[in-house]
S.K.: 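My structure is below; once you've seen it, I'll send some questions.
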Number of protein chains: 2
Amino acid sequence: MSDQIRMIDVARRAKVGIGTVSRVINAPGSVSEATRLRVMKAIEESGYVPNLIAGSLASKRTNVIAVIVPTIGNPVFSETIEAMGDQFREEGFHLLLGRSGESEQEAHAVVTTFLARRPDGLFIHGGSASPPTAALLGRAGIPIVESGDLSLAENPIDMVVAYSNFAAAKAMTEHLLGQGYRRIAFVGRETRYNDRALERQRGYCAALEEAGIKVRPELILQCTLGFRQGAEALRLLRERDPGLEAVFFGGDVWAAGALLECQRQGWTVPDEVAIAGFDDHEIASQTVPPLTTVRVLRSDIGRRAAQLILGRLKGRSDLPRVVDVGFQVVKRGTA
Amino acid sequence: MSDQIRMIDVARRAKVGIGTVSRVINAPGSVSEATRLRVMKAIEESGYVPNLIAGSLASKRTNVIAVIVPTIGNPVFSETIEAMGDQFREEGFHLLLGRSGESEQEAHAVVTTFLARRPDGLFIHGGSASPPTAALLGRAGIPIVESGDLSLAENPIDMVVAYSNFAAAKAMTEHLLGQGYRRIAFVGRETRYNDRALERQRGYCAALEEAGIKVRPELILQCTLGFRQGAEALRLLRERDPGLEAVFFGGDVWAAGALLECQRQGWTVPDEVAIAGFDDHEIASQTVPPLTTVRVLRSDIGRRAAQLILGRLKGRSDLPRVVDVGFQVVKRGTA
DNA sequence: CTGTTAGCGCGTTCAC
DNA sequence: GTGAACGCGCTAACAG
């Protein structure tokens, strides 16, 4: 590694003090035009690249936002991250990206090492924060946004930007009931370590129960996300109940996979079996027939989260602690 | 912000010197078991979180890898990033995520501010690096991996992990020719600011020309990625040439959208029109019929890139400067 | 408007 | 195996 040029080198070259160089970079307005140009020239000529590590240590600000999500592979999260990143970039902040992993220990470890990097703010998705982790985050003294489910607002670390998975799933199930379907199955993720999945499943059950329909456990499937898994789930459910009328998939990818399976098998949708999804993924409007689903604006989550964190960093105190971004049942052709 | 506990506080509590605390954290083996435990206890009790900013300044290592991609919204990149992140995490490195944006100026700005954060390594996707940007990166003195297209290897900044978009597109076009199709269209991204798109289009043209078929510009479409755009492209191409035999889409999302359009219109695939994709996205094997496509292992790119950077950081000198991860034509049902 | 100086919190020498 | 001192490169406060 070639030795880096330091601020002092630039200062000497421009024949000014080191403080002036710092000001040219961080508060150009407070320097006379003449010296500013001289310093700029020296910076250019020497190829100086400021050392933000040193700057951060001195200023106690890193301009880094820590982002912790279960996985960036899921478009649901990458959309959120992208929108968040756009907002932050405009204000000069960068994203430090981390995965919460599967276990609470992993999540705790990530949070610890991330806090060690002294981010100015932190976004964390999911109930990944166990009590000790939450305590750690609380003590960090930085703006924190949790996302994943509105129920986090009951005991928030700091701020929450989310929607209610329970209400959304309940609304879709009610929509299906309203269409006259009675024998409705549900496909979701493993609920054991995933609160969102649990909330959705609970919403489905609640709607059925309110309608006086008994929840049949054999019509509730938990599996990993994927087109193939959606197809398999549909086959299995129709085996279990040949009279099945509708399937509510807690993710469009499953639903799309199931639709493709219907096409292969020659099952007509929604007449033979109705299908509903969740997310309003891009593909949802393009399937044949187009998919009835629940729309959640992931980019809104990212945008609002960024705005809250930025607002807090700017010292604003009129900010909400909880933002419900809501959802929308989108009726299309499959249910 | 509550005042943070510093190393000196822990040292005093454990009645040791500050150096010993540092050693307990960074080189536990060089400390006696007794004092180590005493220090550990003090760390626990005080809730000490090390300040890696200060540590980085002193050690000149940040354990941060800068990752610059056009967008994380595209699964192609998120897969790469995810695989890379997994590798780096195991070694204690974290990812600083940035977007190169559309213009060279934007890319230059991102690179500059990222280098200012003194990452230990950098991954950059795309020909986003204009000559001045490349020079800047070269002077940084850190391991750098470029990705996006194998042609980057002709004039690499440091290392390159990629495949040949040209060869891959040519191979698929040759496959289509081998199946007997002659009137073949191509759909890709805007080639103006996207070298990969250009390489793919060139590969398509080269295959046609070698087969003695004249390239018809009206059968080359450039548009943004999306299911809907794929459907639209197919309609437009069939209008332009009712005798069209095959369409090679430079992305599975377009191809899947086109297949759905065929379903809506009642066009049989591949008899009325053959369709080929690119990427071997998860959906490719699930469409009806399953999609013939080009497989590129994005996770391999991420993994190999991480290995190269890590290897270099460990001082290994037997590392390749160029890794061709290759591709594979996957014949399925659509062509 | 500008130069100087004192830390920021830690890693890394050294002596011991 | 351990403690003390120095310096990493910069920001911020102050004096001029």
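Protein chains get the first letters and strands the later ones, always in sequence-line order, with residue 1 at the start of each.
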S.K.: Which atom names give the shortest non-hydrogen contact between B:V10 and B:I43, and what distance separates them?
M.R.: CG1-CG1, 3.7 Å
S.K.: Rounded to the nearest Å, what distance is computed from the CZ atom of residue B:R38 to the P atom of nucleotide D:dG1?
M.R.: 15 Å
S.K.: Could you state the CG-P distance from B:N26 to C:dG9, rounded to the nearest angstrom?
M.R.: 17 Å
S.K.: Mind calculating the distance between NZ (B:K60) and C1' (D:dG9) to the nearest angstrom?
M.R.: 8 Å
S.K.: In whole angstroms, how far is the P atom of C:dG9 from the CZ atom of B:R61?
M.R.: 20 Å
S.K.: Of the candidate nucleotides D:dC10, C:dG9, D:dG3, which contains the atom at the shortest distance from the side chain of B:T20?
M.R.: D:dG3
S.K.: Using only atom types and a distance under 3.5 Å, with no angle test, would you say the side chain of B:S56 pairs donor to acceptor with the backbone of B:L52?
M.R.: yes
S.K.: Any sub-3.5 Å donor-acceptor pair from B:D9's side-chain atoms to B:R6's backbone N or O?
M.R.: yes
S.K.: Which part of the nucleic acid does A:G19 contact within heavy-atom distance under 4.0 Å: base, sugar-phosphate only, or nothing?
M.R.: base
S.K.: Got a donor-acceptor pair under 3.5 Å from the side chain of A:R23 to the base of C:dG3?
M.R.: yes
S.K.: Taking for each residue the nucleotide of DNA chain D bearing the nearest heavy atom, is the 5' side occupied by A:M7 or by B:G29?
M.R.: B:G29
S.K.: Side chain of B:R6, heavy atoms from C-beta onward: which of D:dG9, C:dG9, C:dG11 has the nearest atom to it?
M.R.: C:dG9
S.K.: How many whole angstroms separate atom NZ of B:K15 from atom P of D:dG1?
M.R.: 23 Å
S.K.: Classify B:V21 by what it touches in the nucleic acid, base, sugar-phosphate, or nothing, heavy-atom distance under 4.0 Å.
M.R.: nothing
S.K.: Can you measure B:Q4 atom CD to C:dG7 atom P for me and round it to whole angstrom units?
M.R.: 20 Å
S.K.: Which nucleotide wins on minimum distance to the side chain of A:L57, given the candidates D:dT11, C:dG11, D:dG9?
M.R.: D:dG9
S.K.: Using whole Å, report how far CZ of B:R118 lies from C1' of D:dC10.
M.R.: 11 Å
S.K.: Between C:dT2, D:dC10, C:dC10, which nucleotide has the shortest distance from any of its atoms to the side chain of B:Y48?
M.R.: C:dC10
S.K.: Would you say a side-chain N or O of A:N51 is under 4.0 Å from OP1 or OP2 of D:dC8?
M.R.: no
S.K.: For the residue pair B:R303 and B:M84, establish whether any side-chain heavy-atom pair is separated by less than 4.5 Å.
M.R.: no
S.K.: Counting any heavy atom closer than 4.0 Å, what does A:T35 reach on the DNA or RNA strands: base, sugar-phosphate only, or nothing?
M.R.: sugar-phosphate
S.K.: What's the closest nucleotide to the A:I18 side chain, out of D:dT11, D:dG9, C:dT2?
M.R.: D:dT11
S.K.: Mind checking B:R36 for me? I need base, sugar-phosphate or nothing, with any heavy atom below 4.0 Å counting as a touch.
M.R.: nothing
S.K.: So among B:D300, B:I301, B:T80, B:L150, which one has a side chain to side chain contact (heavy atoms under 4.5 Å, CB included) with B:V161?
M.R.: B:I301
S.K.: What is the separation between atom CD1 on A:I5 and atom P on D:dC10, rounded to the nearest whole Å?
M.R.: 11 Å
S.K.: Under a plain distance cut-off of 3.5 Å, with no hydrogens placed, do B:E82 and A:T71 share a side-chain donor-acceptor pair?
M.R.: yes
S.K.: Just to be sure I understand the rule, does B:S32 reach a base, reach only the sugar-phosphate, or reach nothing, if contact means heavy atoms closer than 4.0 Å?
M.R.: sugar-phosphate
